[in-house]
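Below is one structure, written out as structure tokens; comments come after it.
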There are 2 protein chains.
Amino acid sequence: MSSRSPRQRRHEKTKQEILQTALGLIKEVGFENLSLREIARRVDYSPAGLYEYFDSKEGIIQALSNEGNRQLLEALSSIQKNQSRSVTCYLVEMCLAYIDFALHKREYFTLMSNLPSERTTIDEPVRADSPYAVYLETVQAAIAGGEIQIRENFGPEEITYSLWAFVHGMATLRLTHLMHFQANFEPVNRLSLELYLASLA
Amino acid sequence: MSSRSPRQRRHEKTKQEILQTALGLIKEVGFENLSLREIARRVDYSPAGLYEYFDSKEGIIQALSNEGNRQLLEALSSIQKNQSRSVTCYLVEMCLAYIDFALHKREYFTLMSNLPSERTTIDEPVRADSPYAVYLETVQAAIAGGEIQIRENFGPEEITYSLWAFVHGMATLRLTHLMHFQANFEPVNRLSLELYLASLA
DNA sequence: CAAATAACCTAACGTTGTTCGGTATTATAA
DNA sequence: TTATAATACCGAACAACGTTAGGTTATTTG
């Protein structure tokens, strides 16, 4: 698992320390105020020293985005396993889990929102380790089980996209326009999603 | 309409020139790379000179956001007048207009996405000149016409919110994650929205 | 033990947003 | 019309930023 040489181990360790510090800093001051120099101060390095571990500030952000993607993937996958009802029910829970992740790990979410997918065409394969893939898989299971019907120009990918857009909208709205709105959106979100999924049957 | 004194007129004019220059700059280099000094270079002012017209860089962004809000409002309102079918049909077109605005005037849209609403509670009144108000009005018309049914914990505001989240998700996804995806999303968006609205009947 | 590599720092460069002090220019009031 | 006040504008500076170059020390490898 960990690299053999002590040096490589130390390297990996401080790399993680830098990342965790950066994450905490984002939590404190927000993504747009993330400062490489402040990270350096907190890990007790000179600004230049960090460049031994990351190519640039953007590199740190990239690494954190990947980690966030991994965590979101994990959050979504754990839903699929822990329940045992209809597939559509899974779907709703997964959708709500997406929103939950956005709200409670917003340090990660705001990072990830700015990164484009490398898939440029419907013909290209879906990245297996993407949240989208998890949704797609579940939608396909729902179709196979007859819980969701496909239509003209509205196959599994289109359905998955629309669900993703729905929850992504709920999440981003909550974090931006509605950031100061005092209310629990979970019931409304759940109901909306259930209604939409019902219309796909 | 315009202020009486020549000085005030000139002031307003260069203010607009600054805003337009800033807008063009955002179009060129993106919001995150907007530079006050570069704006100053292009309008042939010293950086300090701009502070006679705006309190800060943020002030310029604020002004542009307001203008964007005005334009979005106009785009949405024009839908309502030019058509003459069912209210639900209006709604779909208005939703698609939101996405259209986001894609074709993304300089404005990206600005606006970062600004929080001042409404903090469901009890506070809705700002009349907000896109949300336009949607809400139309949803209420649809309810009054019997095209949409309200439910427990799912009144006009909740329905409007869910629609807004839906289209906002479609718009932001298209501009971030799916920015390089080569496809026309309009048919899928339309179909999704029609299905969702049908489930509200 | 020598050579090579990795780790780290100081100093600097070119940016950025913003403020201060001063100088013109224009409008207002006597 | 002239004195006073307000506006418009700029040069210079400040503090902060991301990044790079060059150099020094520590560690690993041959």
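Since this is a predicted model, take the numbers as computed values, not measurements. Scope of the values below: all heavy atoms of this structure, side chains included, with no hydrogens, waters or symmetry mates.
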- Query: Among residues 18-30 of chain B, which residues get a heavy atom nearer than 4.0 Å to DNA chain D?
  - Reply: none
- Item | Contact list for DNA chain D against residues 50-64 of chain A - heavy-atom distance below 4.0 Å |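 Nucleic-acid contacts, sorted: A/Y51, A/S56, A/K57.
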- Can you label the angle between the B/H168 ring and the B/F109 ring as parallel, tilted or perpendicular, going by 30° and 60°? tilted
- Which class fits the ring pair A/F166 and A/Y196: parallel under 30°, tilted 30 to 60°, perpendicular over 60°? perpendicular
- Mind checking whether A/Y51 and A/Y45 have ring centres under 6.0 Å apart? no
- Query: Between the side chains of A/E12 and A/Q16, does any donor sit under 3.5 Å from an acceptor?
  - Reply: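 A pair is found: one side chain offers a donor N or O, the other an acceptor, under 3.5 Å apart.
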- Query: Atom CD of A/E12 to atom P of C/dA6: distance rounded to whole Å?
  - Reply: 15 Å
- Query: Given atom CZ of A/R37 and atom C1' of C/dA11, what is their separation to the nearest angstrom?
  - Reply: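 These atoms are roughly 11 Å apart.
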- Query: Is there side-chain contact between B/I18 and B/T21, with at least one heavy-atom pair below 4.5 Å?
  - Reply: no
- Whether B/Y135 side chain and B/M94 backbone form a donor-acceptor pair below 3.5 Å: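 Looks like yes, one N/O pair under 3.5 Å.
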- Message: Between A/S86 (side chain only) and A/C89 (backbone N and O only), is there a donor and an acceptor less than 3.5 Å apart?
- Response: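 Between the backbone of A/C89 and the side chain of A/S86 there is a qualifying donor-acceptor contact (under 3.5 Å).
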- Looking only at side-chain atoms of A/A48, point me to the closest of C/dC20, D/dA8, D/dT20. D/dT20
- Message: Measuring to OP1 and OP2 of C/dA6, would you say a side-chain N or O of A/H11 lies under 4.0 angstrom away?
- Response: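 The answer is no; no side-chain N or O of A/H11 sits under 4.0 Å from OP1 or OP2.
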- Message: Both B/P47 and B/R10 contact DNA chain C. Which one's nearest nucleotide lies toward the 5' end?
- Response: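 Closer to the 5' end of DNA chain C: B/P47.
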